[in-house]
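The next block holds one structure in the form of structure tokens; read it before the comments.
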Amino acid sequence: MVAKIEGKFDVNLSFKLTAKLGNNIAVDTPPKKTTNAKYGVYRLKHTGKSYKIYSNCTTSAKKTITSYSPYRVGWYLWES
């Protein structure tokens, strides 16, 4: 997505995501329960409108666009 925007608008963008694998976690699990865990990158959803502005000051039809950015890296825990 970043490369597509850079090419279309002739701009330079950058982004950075650091994730460390092998993180340890300790959880107190109650008797007769199971603790489940998932590790990953959680995303934040962005929505907006996209349209073109022409030289005669008119605009194209607006389209809704959706993109995602990294929000959090970590563990998701739940008990069952």
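- Thr35 contributes no side-chain N or O that, together with a main-chain N or O of Glu79, makes up a donor-acceptor pair within less than 3.5 Å.
- Within the 4.5 Å cutoff, the side chain of Thr66 has no heavy atoms near those of the His46 side chain.
- Put simply, Val27 and Trp75 are part of the same group of oily side chains (I, L, V, M, F, W, Y) that touch within less than 4.5 Å, one to the next.
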Side chain to side chain donor-acceptor pair (under 3.5 Å) between Lys49 and Thr64, worked out: CA-CA 5 Å; Lys49 298 288 182 183; Thr64 300; 2.9 Å; yes
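- Following chains of ILVMFWY side-chain contacts shorter than 4.5 Å, one can reach Leu77 starting from Tyr39, so the two form part of one hydrophobic cluster.
- Counting non-hydrogen atoms of neighbouring residues, nucleotides and ligands closer than 6.0 angstrom, the CG atom of Leu44 exceeds 12 such neighbours.
- Taking all atoms of both residues into account, the shortest heavy-atom contact from Arg43 to Tyr71 is C-CB, 3.9 Å.
- Looking only at side-chain heavy atoms (C-beta outward), Tyr76 and Tyr42 come within less than 4.5 Å of each other.
- Both cation-pi conditions hold for Lys62 and Tyr51: the charged atom is under 6.0 angstrom from the six-membered ring centre and inside a 45 degree cone around its axis.
- Here Ser67 contributes atom OG and Lys45 contributes atom NZ; the two are 10.0 Å apart, rounded to the nearest 0.5 Å.
- Around CG of Asp28, the count of heavy atoms belonging to other residues, nucleotides or ligands within 6.0 Å does not exceed 12.
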